[in-house]
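The basis for the numbers below is simple: all heavy atoms, side chains too, and nothing from hydrogens, waters or symmetry mates.
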Amino acid sequence: MTSFPSSQAPSRAESLRQRLDRHWPTAEALLRRLYAGVPDVEDWLVRVRDVVSTAALNRPAPLAERDARRLAEPDWFQRPNQLGYCFYVDRFAGTLAGVQARLGYLADLGVTYLHALPLLAMQAGDNDGGFAVADYRAVEPRLGRTEDLATLAQAAHGAGMALCLDVVCNHTARDHAWAQAARTGDPHYRAYYHVLESAEAVAAYEATLGQVFPKTAPGNFTPEPTLARDGGQAWVWTTFYPYQWDLNYANPAVFQEMLEVLLHLANQGVDVFRLDSTPFLWKAPGTACRGLPQTHWVVRAWRALLAIAAPAVLLKGEAIVDPDDVVSFFGRDDATGLPAANECHLAYNNGMMTALWLAQATGDAGPAHALLDRLAVRPRQAAWITYVRCHDDIIWDALAALIPQETLHRVSAFYAGATPGSYALGAAFQADGDGAPSTNGMAASLVGLRPEGRPGEADTDGALARLLQLYQVTLALDGLPVLYMGDEIALTNAPLAGLPAGEGRWLHRPDMDWSRAADRNDSATAAGAFHAALRRLIGVRARLDALNGVEPARPLAGLPPGILGFERVGARAVLCLANLTGQAVTVSLPATTGAWRDAVSETAIDLTALPLAPWQTRWIVTEEPTPEVAP
């Protein structure tokens, strides 16, 4: 049993007892479900409880106080004044100290949530942009010292920002200490990974598995003779790249190791964990090994245990799967099977992001409207991460359940600039089987903004209008909106000459252009014009209580095919109407009564004849209080 040192303040010990009483039964039940039949499971459960209790008692006082404040405002991450910013440390500011020096720039933009892409010690050479972790408890040396992480977290908290960190929980680097020990023949660490010892076993698994990188890293297994026993052959499971070894969560030691990583980083001041590659955690023969029930039990157990040790910390699931399946990563009620907020607090709304890009290419808002209905089942205590671009490619096949393959292939070609009339300056990536190739490129390049000095006919105004539309719609959707580094100044693609061979995603991972950022107050430049327009929208959004993320966006009926429309409800309703075409249109909503105004321009609106310019989006707010919405 856990003991409570007398040196601890009674309030801290009592608070821990209360959280243990509330959350330990949930965690214990999930762990028993996962590891039933494992030898010495009872002793292991005692160790897990002690690990969590020790982390709680050792939590720094400022973070414990932050926990209390967050618990008093559990919807903090859903409020309309929340704004995220996602970046690579080296590309944005060189080092963690450099990021700290740029907090004022981010605060001026309205940022309240910092998502730093992988910054933990990574494998030398090829490392998938830092997603091949060599040490979960150390910062990558070229980015700073390990103590710089806690310093950045403290500075971010002082600036009113939460810190989000990637934890690559599905795999380690081949040169991680665990993998190195496994390669020397240590059976304890060999069991941390999925190792197969026959080609037949590999083929049996491959028969039901998809491929993440079919061109650059085909297959899901890599020969690894160092893991072989008795001079035979062996293969290690590598879903992503050959140097990223999938962890074996059927081994309770792996669960505990990753739990201790989360607890350690939480006590450095990390507020949110992006759980990389969440659907892949559990493997079972004869399945696709994506989103299996045991995967959800692992994440739910982490959530319950973190609620004991660091109750302010949030989990964010990175699950780029079918839109219906993504909702499951918020959690489900065991009794009813209905969505429940007991797993990830946050999840990426990849479906709507992809549908918006598709709509601009096709002029068809229908798929986006259909998605709004399907995604509205999200539990109210959880939130989407809404976004326009990120560090990864746009995967068109994420919409394969909704959109014909012919359309997805056409859109993929459009954004690669391979169809007549396309304005896009992106590039096709790779596809699994007959699927549509995904798309690489910065948002500004995908909407057609040309870098200064590049030859070709430029439509700067049209490109900026399309980019602003994507962000205005995203800011109005339910969730926590996250800007991708450089989008606020319409930063374009990285130079082709500097891209690593075979890894096209670096096209949309350019260095931050601080000279361009210096022009953000000059409206005569593309960077300045876009920054001013975006900053104004962020300020308006913060004042509209209807854009709180609790209530979902509800699609409006009866609109023309090229018009996306949805309603958000608060003390006053807000309508978002977006013309996803290059043609001016007039929209009529005669059934909508009362007085309305444009929330941005503050001008009166007649909804019976509302003009929308090409690529224009409008937020329209009612002057009358709306009836209270039933929960």
Reported [atom1]-to-[atom2] distance for the pair [X] and [Y], which is rounded to 0.5 angstrom:
X	Y	atom1	atom2	value
Arg389	Thr439	CZ	OG1	8.5 Å
Lys215	Phe429	NZ	CZ	10.5 Å
Glu488	Arg535	CD	CZ	11.5 Å
Leu165	Asp276	CG	CG	11.5 Å
His176	His171	NE2	NE2	11.5 Å
Gln256	Leu31	CD	CG	10.0 Å

Side-chain contact test, heavy atoms from C-beta onward, threshold under 4.5 Å: evaluate it for [X] versus [Y] and give yes or no.
X	Y	value
His264	Glu260	no
Leu275	Leu281	no
Leu467	Leu534	no
Asp148	Val139	no
Leu247	Trp178	yes
Leu262	Tyr136	no
Val195	Asn248	no
Trp282	Leu34	yes

Give a yes or no on whether the ring-centroid distance for [X] and [Y] is below 6.0 angstrom.
X	Y	answer
Phe330	Trp384	yes
Trp237	Phe280	no
Tyr387	Tyr484	no

Is there a side chain to side chain contact (heavy atoms under 4.5 Å, CB included) between Asp135 and Leu120 once you walk through the steps?
CA-CA 7 Å; Asp135 187 346; Leu120 300 177; over 6 Å; no

Any donor-acceptor pair under 3.5 Å linking the side-chain atoms of [Y] with those of [X]?
X	Y	value
Arg505	Asn440	no
Tyr192	Glu257	yes
Tyr243	Asp126	no
His115	Asp166	yes
Asp519	Thr525	no

Would Arg59 and Arg12 satisfy side chain to side chain contact (heavy atoms under 4.5 Å, CB included), going step by step from the backbone distance to the final call?
CA-CA 10 Å; Arg59 190 152 169 80; Arg12 175 74 69 97; 4.2 Å; yes

Would the distance check show the side chain of [X] and the main-chain N or O of [Y] forming a donor-acceptor pair, the cut-off being under 3.5 Å?
X	Y	value
Arg541	Pro80	yes
Tyr193	Ala179	yes
Asn170	Ser277	no
Thr492	Ser445	no
Asp128	Gly130	no
Arg102	Val99	no
His345	Leu315	yes
Gln123	Ala173	no
Gln82	Pro481	no
Asp393	Ile395	no

Could you report the tightest heavy-atom contact between [X] and [Y], atom names first, then the distance?
X	Y	result
Trp506	Gly129	CZ2-CA, 3.7 Å
Leu20	Ser53	CD1-OG, 3.8 Å
Met258	Val167	SD-CG1, 3.9 Å
Ala234	Leu227	CB-C, 3.8 Å
Ala134	Asp175	CB-OD1, 3.6 Å
Ile489	Asp513	CD1-O, 3.7 Å

Answer yes or no: is there an ion pair linking Asp43 with Arg47, defined by an N-O contact shorter than 4.0 Å?
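So Asp43 does not pair with Arg47 through a salt bridge.
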
Output yes when Arg66 and Asp271 qualify as a salt bridge under the 4.0 Å nitrogen-oxygen rule, no when they do not.
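Salt bridge: yes.
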
Should we count CZ of Arg22 as having more than 12 external heavy atoms under 6.0 Å?
no

Please determine whether the number of non-hydrogen atoms from other residues, nucleotides or ligands lying under 6.0 Å from atom CD of Gln154 exceeds 12.
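Counting other residues, nucleotides and ligands, CD of Gln154 stays at 12 neighbours or fewer.
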
When the ring planes of Phe255 and Trp44 are compared, do they come out parallel, tilted or perpendicular, using 30° and 60° as the limits?
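Taking Trp44 first and then Phe255, their aromatic rings stand perpendicular (interplane angle over 60°).
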
Please work out whether the ring planes of His296 and Phe329 are parallel, tilted or perpendicular, with thresholds of 30° and 60°.
tilted

Leu119 and side-chain contact (heavy atoms from CB on, under 4.5 Å): which single residue from Asp90, Leu152, Leu149, Thr95 fits?
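In the set Asp90, Leu152, Leu149, Thr95, the residue that makes a side-chain contact (heavy atoms from CB on, under 4.5 Å) with Leu119 is Leu149.
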
Exactly one of His391, Arg91, Met485 should register a side-chain contact (heavy atoms from CB on, under 4.5 Å) with Leu117. Which one does?
His391

For Thr222 and Trp235: C-alpha separation, side-chain torsions, deciding distance, then whether side chain to side chain contact (heavy atoms under 4.5 Å, CB included) applies.
CA-CA 5 Å; Thr222 299; Trp235 290 259; over 6 Å; no

Under the side chain to side chain contact (heavy atoms under 4.5 Å, CB included) criterion, do Trp76 and Thr112 qualify, and how do the steps go?
CA-CA 11 Å; Trp76 69 267; Thr112 60; over 6 Å; no

